[in-house]
Amino acid sequence: MEDAYARSVPEVLDFFGVEPSKGLTDSQVALHAKIYGRNVLLLFAGTPFWKLVLKQFDDLLVKILIAAAIVSFILTLINGETGLTAFVEPFVILLILAANAAVGVITETNAEKALEELRAYQAEVATVLRNGGFSILPATELVPGDIVEVTVGCKVPADMRMIEMLSDQLRVDQAILTGESSSAEKELESTVATNAVYQDKTNILFSGTVVVAGRGRAVVVGVGANTAMGSIRDSMLHTDDEATPLKKKLDEFGSFLAKVIAGICMLVWIVNIGHFRDPAHGGFFGGAIHYFKIAVALAVAAIPEGLPAVVTTCLALGTKRMARLNAIVRSLPSVETLGCTTVICSDKTGTLTTNMMSVSKICVLDSFHHGPLITEYSVSGTTYAPEGIIYDNNGLQLELPAKLPSLFHLAMCSALCNESVLQYNPDKACYEKIGESTEVALRVLAEKVGLPGFDSISSALNMLSKHERASYCNHYWENQFRKVSTLDFSRDRKMMSVLCIQKHTQIMFSKGAPESILSRCSHILCNDSGSTVLMSASIRDELESRFHSFAANETLRCLALAMKLIPMGQQSLSPHDEKDLTFIGLVGMLDPPREEVRNAMLSCMSAGIRVIVVTGDNKSTAESLCRKIGAFDHLEDFTGHSYTASEFEELPPLQQTLALQRMALFTRVEPSHKKMLVEALQHQNEVVAMTGDGVNDAPALKKADIGIAMGSGTAVAKSASDMVLADDNFASIVAAVAEGRAIYNNTKQFIRYMISSNIGEVVCIFVAAVLGIPDTLAPVQLLWVNLVTDGLPATAIGFNKQDSDVMKAKPRKINEAVVSGWLFFRYLVIGAYVGLATVAGFVWWFLYSDGGPKLPYRELMNFDTCPTRETTYPCTIFEDRHPSTVSMTVLVVVEMFNALNNLSENQSLLVIPPWSNMWLVGSIALTMLLHVLILYVPPLSILFSVTPLSWAEWKIVLYLSFPVIIIDEILKFFSRKSYGMRFGFRFRRNDLLPKSERHDK
């Protein structure tokens, strides 16, 4: 029954054919179970493990590598090669792929836990009326029409319509659905609101919520998937995970690279068709296989096998840094996504505010004898910590607030007319509440007012331990008075009273809604003299005016406090005693904004990031908070910038689009609205970060480009999110965005480094094949260079320091290519030099080395015909390991120098010296140590087909390698002078690497 909230109690009972005094019969239960189904929240079975494994190999570059490994293995078998070195290449390739697949599977299985967490919010049992009697049954056996009784502490087992109150009031904590900081009061009357959201359905108990006060009966109107919790499950099931911007760019780069690789491999094979019949190959088929092996080597050289591992490592390093900023990353790619976030949809309660109700204003009668004079005090402090200062009208600090009679009695009443507990939690190092937040705010006020009697009270209190300090003043008043009777809060009186006795005096302290307390007051306490005077009409009017000002203009939650002397001997209270009260004062409280939020929001604006405040609260309260934050001062008013969910839904599509572009505040929302907001923004090509803490937020968190859960939030929200804020603080999101931008910049640097290195390897093989000289590098040597020598420095580039102006630039566009225009040209030049230097080292050994044969160049080009003609040198010279060792070492050393080039995209090494990133210096040293090991340790040198080098050979390696720094310094100089940009416009398209046209959602 979807509209039970709008129907009267008799209508709902008639719909299900149930009598409120007897409940359903067994036959009705069986019939309703067939019609409506069981009260079970079915969760999906999950993706089979084998499918998750196969999914990791669904990548074009990975498929090319697998094909290269298989071809390499088959060619090895055809050639009859044996031994470890023959199969090392396919083995290493498959090992890399297996490691990448394992990381992917682990990440994806974690993502499916969010739905399982929903089970924790399902009630296990319910007290049900059937066949005229109550019994406790498993909640799964409930059917629509069942009469269920709930009381304090009960978890609501299904969606139910209230039919009877068994106490003065019934309050439910439904924060997991609405995010409201305070409990919601339930009633029996039907709701007339159109487009009613959860907050408007005041007669409905929602599944998974908890009763915190009172007792009542309700009829089940929705079970299983047809409940509030069921709708959340459905939203999560129908939410697809979106690829992050970096993942999309890497996928596009992979496709682009795959086409280039295929083209070059075919070109090398076709160019050498004329050499297929060379006698050295033993026939046409042998020559075809030989050059096919070269093409395979080329594919291995072109693919950056270490790229996935290095990206993962860099993101993991970023997560460690972000953890220090209280941002705990659950999904590695989300680190980078933060860097291009354009909109942050932030929850209000607990994220922008402290979620700790605090008294901020006090209003009392200061003097009556010199004309009625109402005065106000301001109270500092935004948490439950008993620390804060009280200021007078002029902004001057009160040294001893408890010396003022009104504040003295205000503190006394706050401490005694109170059922809450304030305590210090040493594990979390913070003060916590037990009970209603408004009552705890009064306890904290009593601590800030302090105690009367001696002047050194402030310093004395500061000497206490945090545990003792939490409620020291409150305990003082509780020890001074003994509570005799309590008259609980009720909906009709809207107040609460306690009867206390101190020696020979009995006092009743009351607190409640200002209109209820004021109407019962006949006198008022004066703050200057401590005397009591009659409450005149003018004083009453002035107090009511202040109350309306607090409530309307400052959107404070107001309570009035009063007291009354009671004759000795009275042992109980009744509502008749709550008259002729003496008014003490009015307090205004709010959930205060965090102090650091304003600067964080201004930082977002300078970084080109828009913040939309999303809340379940009413519009005026939220607008008032936004004004208090101070970050929305640029908006003269909120017209056109603030919408309730209902107002937004009523707008025509075109106006909705315009509203989204200007929106700063979205109020009275429920789960479906949050997800709708995320989708609408994504359709406008925005990269959206969404915060949340309740079960209700899970679908939106899952749908957002980056979902951010609160550390104090529910397990469901955390499981559905990409990141968890340990301190629930909006400022931590902004710090994480800055870190995300820095990580992307570093990721871009090492991707460019690896691209230029691999271009060098391709050029090396291609030039050697075109010139017709022997293979300069064996496939296993290329793998060594790609994995070890590329991997370590590339990872260390991830430690490059964050730019000082990282939060002054606009967010990068999601379709921005990783390498574009002029930059691609730069890395082509660097890559070409790397490849030519490697070939030059190989040729040098044959032509000029004192340890080499010093052949004429023509002899080197005709090496394959050596066995068929007479020569002055043995043909085995072409199998010597020295030339390939020289070329491999040139390749390693030139790439180490190139790593130093990537300390910055455009800054010279003279400005950002190598020691600015000691991790990079260390990785270069370690890489060279590993390379020296494979050269000089026999088992390794045999495995990698290398041999020790002489000092003369090392010198030529350095001569060929160092110029890469000079070349890149020249290119950086042109970049800084903007010549690079002009050069980039000469290309037919600005971005040589592919980029998507739009943000597909």
Side-chain angles (χ1 to χ4, degrees), residues 1-7 12-13 15-18 23-46 112-130 135-150 154-163 172 174 176-178 196-198 201 203-211 217-239 670-672 675 694-699 702 714-717 719-720:
M1 189 177 187
E2 294 183 359
D3 62 343
Y5 64 89
R7 305 279 190 94
V12 176
L13 294 174
F15 181 86
F16 292 110
V18 59
L24 294 176
T25 63
D26 290 339
S27 59
Q28 284 179 306
V29 169
L31 177 63
H32 288 194
K34 283 184 180 179
I35 297 172
Y36 303 108
R38 297 177 64 223
N39 186 31
V40 177
L41 202 59
L42 293 173
L43 303 180
F44 74 132
E112 294 182 349
K113 289 181 181 175
L115 286 162
E116 290 296 330
E117 298 284 359
L118 280 174
R119 290 192 190 276
Y121 295 91
Q122 292 179 267
E124 294 181 2
V125 295
T127 304
V128 189
L129 176 64
R130 284 183 183 172
S135 58
I136 297 176
L137 298 175
T140 53
E141 294 183 13
L142 287 180
V143 296
D146 266 326
I147 306 293
V148 177
E149 187 168 305
V150 292
C154 282
K155 191 176 287 182
V156 178
D159 279 10
M160 306 192 295
R161 166 68 159 90
M162 288 292 299
I163 61 170
V172 177
Q174 52 188 39
I176 62 166
L177 285 178
T178 63
V197 295
Y198 289 145
K201 299 175 184 178
N203 52 27
I204 299 290
L205 304 179
F206 297 105
S207 62
T209 59
V210 179
V211 179
R217 288 181 189 165
V219 59
V220 175
V221 295
V223 294
N226 297 316
T227 61
M229 205 63 69
S231 65
I232 290 172
R233 183 213 64 158
D234 292 342
S235 295
M236 292 172 72
L237 279 176
H238 297 125
T239 300
E670 60 179 40
S672 59
K675 187 180 176 187
V695 174
N696 62 315
D697 298 321
K702 202 161 183 282
T714 60
V716 178
S719 296

Quick test of your reading: applying salt bridge (Lys or Arg N to Asp or Glu O under 4.0 Å), list the pairs with at least one residue in residues 217-227, sequence neighbours left out, ordered by first then second residue.
Glu149-Arg217, Glu164-Arg217
Just do the side chain to side chain contact (heavy atoms under 4.5 Å, CB included) check on Leu205 and Val172 with the steps written out, would you?
CA-CA 8 Å; Leu205 304 179; Val172 177; 3.7 Å; yes
Is a side-chain donor or acceptor of Glu141 paired with a backbone partner of Pro138 at a separation under 3.5 angstrom?
no
Closest non-hydrogen atom pair, Pro157 against Ala126:
CG-CB, 3.8 Å
State, to 0.1 Å, how close Met160 and Ala218 come at their nearest heavy-atom pair, and which atoms those are.
CB-CB, 3.6 Å
Could you grab the distance from atom CZ of Arg38 to atom CG of Leu142, nearest 0.5 Å is fine?
11.5 Å
A side-chain contact here means heavy atoms from C-beta on lying under 4.5 Å apart; do Asp159 and Asn226 qualify?
no
So, using side-chain contact (heavy atoms from CB on, under 4.5 Å) as the criterion, who are the partners of Ser135 when residues are at least two apart?
Leu137
I want to check something: taking the side chain as every heavy atom from C-beta on, are Ile204 and Arg161 in contact at a cut-off of under 4.5 Å?
yes
Over all atoms of both residues, closest heavy-atom pair of Val221 and Ala4:
CG1-CB, 3.8 Å
Closest heavy-atom contact between Ala158 and Val223?
CB-CG1, 4.3 Å
Please round to the nearest 0.5 Å and tell me the distance separating atom CD1 of Ile136 and atom OG1 of Thr127.
4.5 Å
Between the side chains of Arg130 and Asp26, is the shortest nitrogen-to-carboxylate-oxygen separation below 4.0 Å, so that they form an ion pair?
no
Quick one, Val148 and Val220 - any side-chain contact, counting heavy atoms below 4.5 Å?
yes
Run Ile147 and Leu13 through side chain to side chain contact (heavy atoms under 4.5 Å, CB included) and show every step you take.
CA-CA 10 Å; Ile147 306 293; Leu13 294 174; 4.1 Å; yes
Looking only at heavy atoms, what is the nearest atom pair of Pro699 and Lys675, with distance?
CB-CD, 4.2 Å
Over all heavy atoms of both residues, which pair between Thr227 and Gly222 is shortest? Give the atoms and the distance, please.
CG2-O, 3.3 Å
Decide side chain to side chain contact (heavy atoms under 4.5 Å, CB included) for Asp146 and Phe16; before the verdict, give the C-alpha distance in whole Å, the side-chain angles of both, and the deciding distance to 0.1 Å.
CA-CA 9 Å; Asp146 266 326; Phe16 292 110; over 6 Å; no
Results of ring pair (Phe, Tyr, Trp, His ring centres under 6.0 Å) for Phe206 - residues two or more places apart only:
Tyr198
